[in-house]
Amino acid sequence: MTDPVAVNFCETDLDQITGAKGRVAVIVTPDGKLDAGARRANKLTKGALARLVESKAWEKKKPGDLVTIAWPTGMAADALDVICLPRAAKPEEVRKAGVALGKAKGNAALLVLAGQVRRPVELTLGIILRAYEFATHKTKEKEEGAGVTLMVARPDEVKVDAVPALAVAEGVFFTRDLVSEPANHLTTTEFADRIAAMKDLGLKITILDEDELKKKGLHLLLSVGQGSASPSKVAVMEWNGGKKGDAPLALIGKGVVFDTGGISLKPAAGMEDMTMDMGGAGVVAGVMRALALRKARANVVGLVGLVENMPSDRATRPGDVVTSMKGDTVEIINTDAEGRLVLADVLWYAQEKYKPSGMINLATLTGAIIIGLGHENAGVFSNDDTISKNFLKAAEAEGEGAWRMPMGKAYDDMLKSQIADMKNVGGRAAGSITAAQFLKRFVNDDCPWIHLDIAGVASVKSETKYSPKGATGWGVMALNRLVADCYEGD
Ligand code: BES
Ligand code: MN
Ligand code: ZN
């Protein structure tokens with residue numbers, strides 16, 4: 001796994017500024033007040049900081065912005081990063097400053113004079129999240145990144161406070177690696193193996209193979225994977241950190257390791273992006289990792305359906321009718337609408353086996369959600385106002401975009417089939433909503449449920465608030481917070 005950059009917290013020692021290699025970062029308020037570290041840097045650079053804060057350029061700076069003074073006089077460092085941050089900065093402003101530092105850092109060593117920053121953990125998390133690089137398959141230019149040192153007011157306390165944030169960062173990295181990994185490397189078996197290795201963190205892992213899935217009746221899921229040489233699997237991760245016997249929250253993920261569309265083959269252009277079609281499963285695995293690492297006091301079960309959607313002589317044909325685990329029959333009009341087939345059976349299995357208090361599923365489910373919401377927000381579909389409000393609040397607090405979408409009977413009616421209980425597509429109109437309606441048919445009415453369509457946010461072509469371009473890990477932080485705020489009693 002890609003390791004988060006090594007972070008070290010220590011007492012402030014201004015004498016180290018002179019000789020520190022790589023980059024040194026100091027804090028200046030928007031109205032130009034230098035803290036102790038900044039004053040020392042100003043002195044060493046013979047007034048460069050004072051000139052900067054008196055300039056027109058500084059007036060335009062917002063909290064969390066960064067200005068670099070390159071090759072500063074009087075210092076061994078290659079760069080002096082000046083962060084604009086008010087004394088009473090909001091958490092998101094501090095995290096934004098961290099992200100700016102993480103971006104500027106590259107592989108260089110970084111010393112941050114954060115003695116007067118009130119939320120050093122937010123700053124640290126921002127640095128780590130942005131300083132991610134998926135370099136597994138680069139044989140050249142692969143350089144070990146140097147670490148980060150933060151000089152803070154009470155290093156021993158900050159070290160303790162940082163533990164949950166570092167757990168979440170590791171969860172995000174785990175997800176990003178899974179999403180970035182090409183499909184010839186991340187087969188269904190490799191995915192299951194990476195999940196199985198998390199037993200060392202105290203998670204109870206169960207991997208269901210094709211024979212077991214057949215016995216249990218998950219024929220919709222199996223129908224998606226049957227054209228592939230990679231065996232279909234369901235991986236279950238149980239974290240029992242809460243009260244014994246308390247019903248768990250279930251997290252369910254679409255894990256299509258590659259989506260060719262099957263017999264309803266996708267066009268060639270852009271098909272390579274379908275390596276991220278296991279993004280929902282990736283987020284579920286990342287959240288479970290974070291919960292285990294920070295020993296969350298909640299019962300949470302993660303279930304992911306791992307399949308590959310391939311065309312072959314054994315593949316499902318358009319027009320085939322398949323019986324779900326629930327017992328309802330589905331006419332598969334389009335084999336490219338496969339994610340909902342996988343999720344339908346895993347949702348049903350989750351309810352039958354774990355009797356969850358609520359369910360949240362994540363899936364790169366529809367291209368239509370990208371048309372509707374772009375890459376800024378995931379689509380939130382729910383049968384319950386309480387759980388969806390709780391989720392939206394958690395997502396907002398973490399700066400992960402999420403937007404509630406409508407559902408209703410008229411949309412559900414679009415799934416009517418001539419020959420079976422339903423068809424798997426509802427037509428072009430409201431494509432993301434009819435997909436959600438399909439899933440809802442496999443959720444018991446009394447089970448609070450959210451479907452998150454993350455097709456637009458799981459992996460993006462330009463950098464986001466917290467990540468370089470590529471896999472984002474969207475949702476790991478929001479779900480971790482949701483568990484912390486709403487499922488960890490005292
Ligand atoms: N995995 C795709 C959705 C997707 C599209 C994810 C773009 C990420 C980026 C999904 O399986 C799919 O193919 N959906 C079809 C549904 C259609 C056939 C009803 C789509 O969105 O076109
Ligand atoms: Mn598809
Ligand atoms: Zn898909």
Side-chain angles (χ1 to χ4, degrees), residues 178-180 183 186 188 191 220-221 223-228 230 232 252-283 304-311 315-320 330-346 361-379 381 405 411 414-415 417 422-439 451-461 469-472 474-475:
L178 287 166
V179 171
S180 306
L186 192 75
T188 53
F191 202 146
L220 286 181
L221 180 144
S223 77
V224 175
Q226 74 192 33
S228 168
S230 291
S232 300
I252 289 116
K254 167 181 172 181
V256 176
V257 295
F258 195 79
D259 181 12
T260 63
I263 299 297
S264 312
L265 194 63
K266 286 181 181 295
M271 201 202 274
E272 69 279 10
D273 292 342
M274 284 304 114
T275 190
M276 52 73 99
D277 208 22
M278 34 50 66
V283 173
V304 295
L306 305 175
V307 298
E308 186 176 41
N309 189 18
M310 282 288 199
T316 295
R317 292 157 290 255
D320 283 1
V330 178
E331 183 187 6
I332 301 176
I333 299 288
N334 188 322
T335 63
D336 197 12
E338 85 295 343
R340 62 199 75 182
L341 302 174
V342 174
L343 287 173
D345 273 345
V346 182
N361 75 254
L362 296 103
T364 49
L365 203 64
T366 65
I369 202 71
I370 310 176
I371 305 302
L373 299 176
H375 302 285
E376 309 305 319
N377 287 288
F381 301 83
M405 301 286 285
Y411 298 111
M414 292 159 78
L415 297 170
S417 160
M422 70 194 86
K423 52 185 185 178
N424 75 329
V425 291
R428 262 175 67 78
S432 301
I433 307 178
T434 51
Q437 293 294 159
F438 184 93
L439 298 180
H451 153 53
L452 297 170
D453 193 335
I454 62 168
V457 296
S459 182
V460 292
K461 302 258 183 251
K469 66 177 170 198
T472 62
W474 182 99

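Values in this document were obtained by computation on a predicted structure and should not be read as measured data. Counting starts at 1 for both ligands and their atoms, following the listed order. By convention here, the first residue in the shown sequence is residue 1.
Between Leu362 and Trp474 the shortest side-chain heavy-atom distance falls below 4.5 Å. With a 4.5 Å cut-off on side-chain heavy atoms, Val330 and Lys423 do not count as touching. Side-chain contact between Val304 and Met278 is absent, with no heavy-atom pair separated by less than 4.5 Å. Counting heavy atoms from C-beta on, the side chains of Met405 and Leu373 come closer than 4.5 Å. You'll find the side chain of Arg340 reaches within 4.5 Å of the side chain of Val425, heavy atoms only. In this structure the side chain of Phe438 never reaches within 4.5 angstrom of the side chain of Leu365, judged on heavy atoms.
Residue contacts with ligand 1, taken as heavy atom pairs separated by less than 4.0 Å, involve Ile370 solely via side-chain atoms from C-beta onward.
Heavy-atom minimum distance, Ser228 versus Glu308: OG-OE1, 2.7 Å. Considering all non-hydrogen atoms of both residues, Ile370 and Ala455 come closest at CD1-O, 3.8 Å.
Although no hydrogens or angles enter the test, the distance criterion places a donor-acceptor pair under 3.5 Å between the side chain of Thr472 and the main chain of Ala458. Using modelled atom types, no side-chain atom of Asp453 and backbone atom of Gly379 make a donor-acceptor pair closer than 3.5 Å. No donor-acceptor pair under 3.5 Å is formed between the side chain of His375 and the backbone N or O of Val457. Not one N or O on the side chain of Asp277 forms a donor-acceptor pair closer than 3.5 Å with the backbone of Met274.
Looking at atom 16 (C) of ligand 1, its nearest protein heavy atom turns out to be Arg340 NH2, 4.0 Å. Counting protein heavy atoms only, atom 22 (O) of ligand 1 is closest to Gly367 N, 4.6 Å. For atom 19 (C) of ligand 1, the nearest non-hydrogen atom of the protein is Val425 CG1, 3.5 Å. Shortest contact from atom 2 (C) of ligand 1 to any protein heavy atom: Asp259 OD2, 3.6 Å. Scanning the protein for heavy atoms near atom 9 (C) of ligand 1, the closest one is Met274 CE, 3.5 Å. With respect to atom 1 (N) of ligand 1, the closest heavy atom belonging to the protein is Asp277 OD1, 2.8 Å. The single protein non-hydrogen atom nearest to atom 12 (C) of ligand 1 is Asp336 O, 3.2 Å, given as residue, atom name and distance. Ranking the protein heavy atoms by distance from atom 14 (N) of ligand 1 puts Leu365 O, 3.5 Å first.
Within Asp259, the N, O or S atom lying nearest to the Zn ion (ligand 3) carries the name OD2. Considering just the N/O/S atoms of Asp277, the one nearest the Zn ion (ligand 3) carries the name OD2. Shortest distance from the Zn ion (ligand 3) to Glu338 is reached at OE2 (N/O/S atoms only).
Counting backbone and side-chain atoms alike, Lys254 contributes an N/O/S atom closer than 2.8 Å to the Zn ion (ligand 3). For the Mn ion (ligand 2), the set of nearby N, O or S atoms under 2.8 Å includes one belonging to Asp259. Under 2.8 Å from the Zn ion (ligand 3) lies no N/O/S atom of Asp336, from backbone or side chain alike.
When each atom of ligand 1 is checked for a heavy atom of Glu338 under 4.0 Å away, the hits are 11 (O). Near Lys254, meaning under 4.0 Å from one of its heavy atoms, ligand 1 places the atoms 1 (N), 10 (C), 11 (O). Taking a cut-off of under 4.0 Å to the non-hydrogen atoms of Thr366, the atoms of ligand 1 that pass are 3 (C), 21 (O).
Close N/O approach between Asn334 and ligand 1 is not found [any backbone or side-chain N/O within under 3.5 Å]. Checked against a 3.5 angstrom limit, the closest N/O atoms of Lys266 and ligand 1 fall inside it.
Of the candidates Ala337, Gly426, Ser264, the one placing a heavy atom closest to atom 17 (C) of ligand 1 is Ala337.
The side-chain hydrogen bond (donor to acceptor under 3.5 Å, both in side chains) test with Ser264 singles out one residue from Asn309, Asp336, Thr335, and that residue is Thr335.
The closest approach between any non-hydrogen atom of Asn309 and ligand 1 is not below 4.0 Å.
In this structure, Glu376 places its CD atom where only 12 or fewer heavy-atom neighbours from other residues, nucleotides or ligands lie under 6.0 Å away.
The Mn ion (ligand 2) forms the vertex of an angle spanning O of Asp336 and OE1 of Glu338; to the nearest 10 degrees it equals 70°.
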